[in-house]
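Not measured: the values here are computed from a predicted model.
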Amino acid sequence: MLSKKTKYAIKALVALGKNLDKPPMQISKIAEEEHIPKKFLEQILLDLRNAGFLYSKKGAGGGYSLNKKPEEILLVHIMRVTDGPIAMVPCASLNFYHKCDECEDEKTCGIRSAFIDVRDATLKVLSETSIADVISREDTLKLAIEKL
């Protein structure tokens with residue numbers, strides 16, 4: 001399941017992606033527009049800034065803006081920054097591997113094998129989906145609803 005931290009990070013990055021040619025956005029404006037608790041958003045934005053996704057400016061006219069193009073910010077990277085591993089079991093993780101305590105033989109473990117397939121399918125989608133894609137999907141969905 002997608003954590004609130006990751007969901008809020010994506011929502012904040014989408015808001016900033018829609019704000020590209022405008023002055024930096026203040027935390028309070030992002031929090032209000034995206035319905036994200038401000039204190040929680042502060043920590044998320046700090047993590048995203050430290051990971052190189054955001055630029056922050058202090059003082060009057062300050063706030064946050066994207067440090068990369070929306071096309072360059074992939075969901076897989078956001079998830080790894082906010083939640084760590086993509087795999088649902090530690091023995092199937094590429095970057096956060098850990099042997100399961102109860103597993104006798106990983107080579108013949110059907111659970112591990114199945115969840116490696118789940119991981120691979122998930123990684124494919126997350127690695128091919130950017131913040132720009134999420135923005136585009138929102139726009140397409142809004143147009144479809146307006147036509148109804």
Side-chain angles (χ1 to χ4, degrees), residues 1-57 62-103 106 109-148:
M1 186 178 296
L2 194 63
S3 72
K4 287 232 187 239
K5 184 176 184 180
T6 299
K7 188 172 184 179
Y8 290 162
I10 295 168
K11 287 176 66 114
L13 289 166
V14 165
L16 291 166
K18 291 177 180 178
N19 195 60
L20 272 183
D21 300 323
K22 298 175 185 161
M25 287 183 78
Q26 294 182 336
I27 292 174
S28 56
K29 183 173 182 181
I30 299 169
E32 182 181 328
E33 288 182 4
E34 299 303 322
H35 309 288
I36 302 171
K38 187 179 172 197
K39 282 288 184 192
F40 195 23
L41 181 60
E42 287 173 357
Q43 181 57 52
I44 293 167
L45 294 178
L46 184 61
D47 290 345
L48 293 172
R49 190 198 72 189
N50 290 341
F53 296 116
L54 300 178
Y55 168 78
S56 63
K57 181 180 176 187
Y64 282 91
S65 56
L66 293 183
N67 200 30
K68 296 181 177 191
K69 295 177 185 174
E71 297 82 14
E72 298 172 341
I73 303 173
L74 301 176
L75 295 184
V76 68
H77 299 139
I78 300 163
M79 288 186 70
R80 284 195 172 127
V81 166
T82 56
D83 279 339
I86 304 299
M88 297 174 76
V89 291
C91 63
S93 181
L94 291 172
N95 296 323
F96 300 90
Y97 171 84
H98 186 268
K99 186 179 183 325
C100 295
D101 294 334
E102 63 280 353
C103 190
E106 283 185 349
C109 180
I111 295 170
R112 180 175 190 262
S113 177
F115 280 93
I116 285 174
D117 291 345
V118 171
R119 177 206 67 203
D120 291 346
T122 302
L123 277 174
K124 180 175 178 10
V125 173
L126 295 175
S127 297
E128 295 173 356
T129 307
S130 69
I131 290 299
D133 295 323
V134 174
I135 293 169
S136 177
R137 285 177 183 230
E138 283 186 7
D139 293 342
T140 300
L141 291 167
K142 286 176 185 174
L143 283 173
I145 289 174
E146 288 174 6
K147 288 182 181 179
L148 294 177

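Here ring pair (Phe, Tyr, Trp, His ring centres under 6.0 Å) pairs that include residues 126-148, with residues two or more places apart or in two chains, number zero. Annotation: ring pair (Phe, Tyr, Trp, His ring centres under 6.0 Å) contacts involving residues 123-148, sequence neighbours excluded, are absent. Here salt bridge (charged side-chain N to carboxylate O under 4.0 Å, His left out) pairs that include residues 124-135, with residues two or more places apart or in two chains, are K124-E128. Sorted by first and then second residue, the side-chain hydrogen bond (donor to acceptor under 3.5 Å, both in side chains) pairs with a member in residues 14-39 read K18-E138; sequence neighbours excluded.
Taking R137 as the reference, nothing meets the side chain to side chain contact (heavy atoms under 4.5 Å, CB included) condition, with sequence neighbours excluded. A search for side chain to side chain contact (heavy atoms under 4.5 Å, CB included) contacts involving L74 returns V76, H77, S130, not counting sequence neighbours. Contacts of E71 classified as salt bridge (Lys or Arg N to Asp or Glu O under 4.0 Å), with partners at least two apart in sequence or in another chain: none. Annotation: ring pair (Phe, Tyr, Trp, His ring centres under 6.0 Å) contacts of Y8 (sequence neighbours excluded): F40. Applying the salt bridge (Lys or Arg N to Asp or Glu O under 4.0 Å) criterion to K5, with sequence neighbours excluded, gives D47. The side chain to side chain contact (heavy atoms under 4.5 Å, CB included) search around T6 returns L2, S3, I10, M79, T82, D83, not counting sequence neighbours.
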Acceptor/donor pairs from residues 140-148 side chains to any protein atom, 3.5 angstrom cut, sequence neighbours excluded:
residue, atom, partner, partner atom, Å
T140, OG1, S136, O, 3.0

Can you give each donor-acceptor pair under 3.5 Å made by side-chain atoms of residues 92-103, sequence neighbours left out, with the distance rounded to 0.1 Å?
residue, atom, partner, partner atom, Å
S93, OG, F96, N, 2.9
Y97, OH, E106, OE1, 3.0
Y97, OH, E106, OE2, 2.5
K99, NZ, C103, O, 2.9

For side chain to side chain contact (heavy atoms under 4.5 Å, CB included), just list the numbers for I78 and L126, CA-CA rounded to whole Å, side-chain angles, deciding distance to a tenth of an Å, and then say yes or no.
CA-CA 9 Å; I78 300 163; L126 295 175; over 6 Å; no
